[in-house]
Amino acid sequence: MFCGNYVQGTIFPNPNFDPMMDVQLLGGALQGFGCDKDVLIDILTQRCNAQRIMIAQAYGNLYGRDLLGDLKENLDGHFKEVMVGLMYPPPLYDAHELWHAMKGVGTDENCLIDILASRTPGDIFQMKEAFQMEYGNNLDQDIYSETSGHFRDALMNLVQGTREEGYADPGMAAQDAMVLWEACQRRTGEHKNMMQMILCNKNYQQLWMVFQEFQNVSGQDIATAISECYDGYFQQLLLAIVSCVRDKSSYFAYRLHSAIHDFGFHNKTVIRILISRSEIDLMSIRQRYKERYGKSLFHDIKHFASGHYEKALLAICGGDTQEF
């Protein structure tokens, strides 16, 4: 059973996995008097996503009930968001987050940036399929209708999932660096389009080389140049792409720190990042967080969250109390 890349994640396949035992424990926790939240945490945060999917299937077979529905019915608040979020396969979880970022009044642009700037073309393809199946909507069309300007143009480019694969071409990297430098100097609509076309379509190895060439021709770091030349969500999206090219773990450490400290603990952002990166690079994100900000992610979560919500977040982070 394949459950993802665990080298840098915090959630692994449970080697003693027994879905029927888990189902019986979950049934007792959810269908008895009250709800045993500790049992939910102990099981759902200690199984990889593929194992949770098997648990949900076995739960339905045994009880004739939907585990996701029972979780939604018995839980509330941010703890409910965590437990329910853990049950979605990764493409559907991304689709779910994007849907909620765009539905209703207003749009959560930062959610769109976090997801679309960091996912691979394969991730985006699966996410779009899940979005269509779950909500009956076309993700491209929803993004087009909910955003505007060059920010929309760049998002529409990313959601095509057409980022190139292959090796870096030094000659092309030098040309691309010159185009980016000219785009920063002239800042016309046409030049903004050229900027986002390069950042949204070139492969990461190529962009790494482009950024080095940009430093050589301009004497300036690409992130600094973008910060000085552009503003708004277009700027934030371009900076997110640059950061993800350089080190996705550092990008998400920065986003977590901002969500925890700049917005009075922005729960949706914290939950989304912890769940979506738990089987990919959350251990690396924890390390970058401690290196960059001096305090551990555990410390900051404990400072702002409480109760079973706090316990669930810490369990997803790996539960290593040595980092407190």
Side-chain angles (χ1 to χ4, degrees), residues 9-11 35 37-38 40-42 44-45 71-72 74-88 90 93-94 96-118 232-233 236-237 239-240 243-244 247-324:
T10 55
I11 293 182
C35 178
K37 296 177 181 178
D38 290 318
L40 301 184
I41 295 171
D42 290 344
L44 298 182
T45 67
L71 290 170
K72 290 178 179 178
N74 284 277
L75 305 177
D76 56 23
H78 299 307
F79 180 69
K80 171 182 174 179
E81 291 179 46
V82 176
M83 293 294 106
V84 169
L86 287 168
M87 297 307 302
Y88 291 112
Y93 185 63
D94 278 348
H96 172 269
E97 292 297 291
L98 290 171
W99 169 260
H100 284 279
M102 292 185 286
K103 79 168 191 175
V105 178
T107 300
D108 183 354
E109 288 87 357
N110 286 309
C111 176
L112 303 184
I113 292 170
D114 281 351
I115 293 175
L116 293 174
S118 64
Y233 290 116
Q236 290 183 38
L237 178 57
L239 289 174
S243 184
C244 285
D247 184 357
K248 280 186 186 178
S249 297
S250 289
Y251 171 71
F252 284 114
Y254 157 73
R255 289 290 295 127
L256 280 170
H257 191 266
S258 295
I260 292 171
H261 292 278
D262 295 351
F263 305 105
F265 207 86
H266 195 270
N267 293 281
K268 286 189 177 298
T269 300
V270 173
I271 294 169
R272 181 180 67 249
I273 294 174
L274 295 188
I275 290 178
S276 65
R277 308 310 294 185
S278 61
E279 294 183 41
I280 302 172
D281 57 356
L282 187 51
M283 185 64 72
S284 295
I285 292 168
R286 275 175 44 185
Q287 293 167 352
R288 298 290 189 276
Y289 194 101
K290 182 71 176 291
E291 292 165 2
R292 185 166 182 172
Y293 303 109
K295 292 183 179 178
S296 71
L297 182 57
F298 286 108
H299 173 278
D300 285 354
I301 288 174
K302 282 184 71 68
H303 186 73
F304 288 97
S306 61
H308 286 96
Y309 176 45
E310 173 202 321
K311 184 176 179 182
L313 293 182
L314 295 178
I316 293 170
C317 286
D320 183 359
T321 55
Q322 292 181 359
E323 268 198 42
F324 289 118

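Counting from 1, the numbers follow the sequence of the chain as shown.
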Determine, step by step, whether Leu237 and Glu109 satisfy the side-chain contact (heavy atoms from CB on, under 4.5 Å) criterion, reporting the C-alpha distance in whole Å, the side-chain angles of both residues, the deciding distance to 0.1 Å, and the verdict.
CA-CA 9 Å; Leu237 178 57; Glu109 288 87 357; over 6 Å; no
Check step by step if side-chain contact (heavy atoms from CB on, under 4.5 Å) holds for Phe252 and Ser118.
CA-CA 9 Å; Phe252 284 114; Ser118 64; 3.5 Å; yes
Please test Asp247 against Ser250 for side chain to side chain donor-acceptor pair (under 3.5 Å), starting from the C-alpha separation and ending with a verdict.
CA-CA 5 Å; Asp247 184 357; Ser250 289; 2.9 Å; yes
side-chain contact (heavy atoms from CB on, under 4.5 Å) assessment of Glu97 paired with Asp108:
CA-CA 10 Å; Glu97 292 297 291; Asp108 183 354; over 6 Å; no
Can you list the steps and then say if Leu40 with Asn74 is a side-chain contact (heavy atoms from CB on, under 4.5 Å)?
CA-CA 11 Å; Leu40 301 184; Asn74 284 277; over 6 Å; no
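The two residues Arg286 and Gly318 have their closest heavy-atom pair at NH1-CA, 3.9 Å. Contact detail for Ile113 and Tyr233: the closest heavy-atom pair is CD1-O, 4.0 Å. Of all heavy-atom pairs spanning Lys290 and Ser296, the tightest one is CD-N, 3.5 Å. The two residues Leu86 and Ile275 come nearest to each other via the heavy atoms N-CD1, 3.9 Å. Listed here is the closest heavy atom pair of Ala312 and Val82: CB-CG1, 4.1 Å. Closest heavy-atom contact between Glu81 and Ile271: OE1-CD1, 3.8 Å.
Put simply, the side chain of Cys111 reaches to within 4.5 Å of the side chain of Ile115, judged on heavy atoms. When side chains are defined from C-beta on, Leu75 does not count as touching Val84, because their heavy atoms never get closer than 4.5 Å. Residues Thr10 and Ile285 are not in side-chain contact: their nearest non-hydrogen atoms beyond the backbone lie 4.5 Å or more apart. Looking only at side-chain heavy atoms (C-beta outward), Met102 and Leu112 come within less than 4.5 Å of each other. Side-chain contact between Ile260 and Tyr289: present, with at least one pair of heavy atoms (C-beta onward) separated by less than 4.5 Å. Side-chain contact check for Arg277 versus Lys248: some heavy-atom pair is nearer than 4.5 Å. The side-chain heavy atoms of Lys80 and Leu71, taken from C-beta on, include no pair separated by under 4.5 Å.
The closest donor-acceptor contact from the side chain of Thr45 to the backbone of Ile316 lies at 3.5 Å or more, if one exists at all. Between the side chain of Lys295 and the main chain of Asp300, no donor-acceptor pair closer than 3.5 Å is present.
If you take CG on Leu98 and OG1 on Thr107, they are separated by 11.5 Å, rounding to the nearest 0.5 Å. For the atom pair Asp38 CG and Asp42 CG, the distance stands at 6.0 Å (nearest 0.5 Å). Interatomic distance, CG of Leu274 versus SG of Cys317, reported as 4.5 Å (0.5 Å rounding).
Comment: Asp114 engages Arg272 in a salt bridge, judged by a side-chain N to carboxylate O separation of less than 4.0 angstrom.
In this structure, His96 and His100 have tilted ring planes: the angle between them lies in the 30° to 60° band.
Checked against Phe304 for a ring-ring contact (aromatic ring centres under 6.0 Å, His included), the options His257, His78, His261, His266 give a single hit: His261.
Heavy-atom neighbours of Tyr254 OH from other residues, nucleotides or ligands within 6.0 Å: at or below the threshold of 12.
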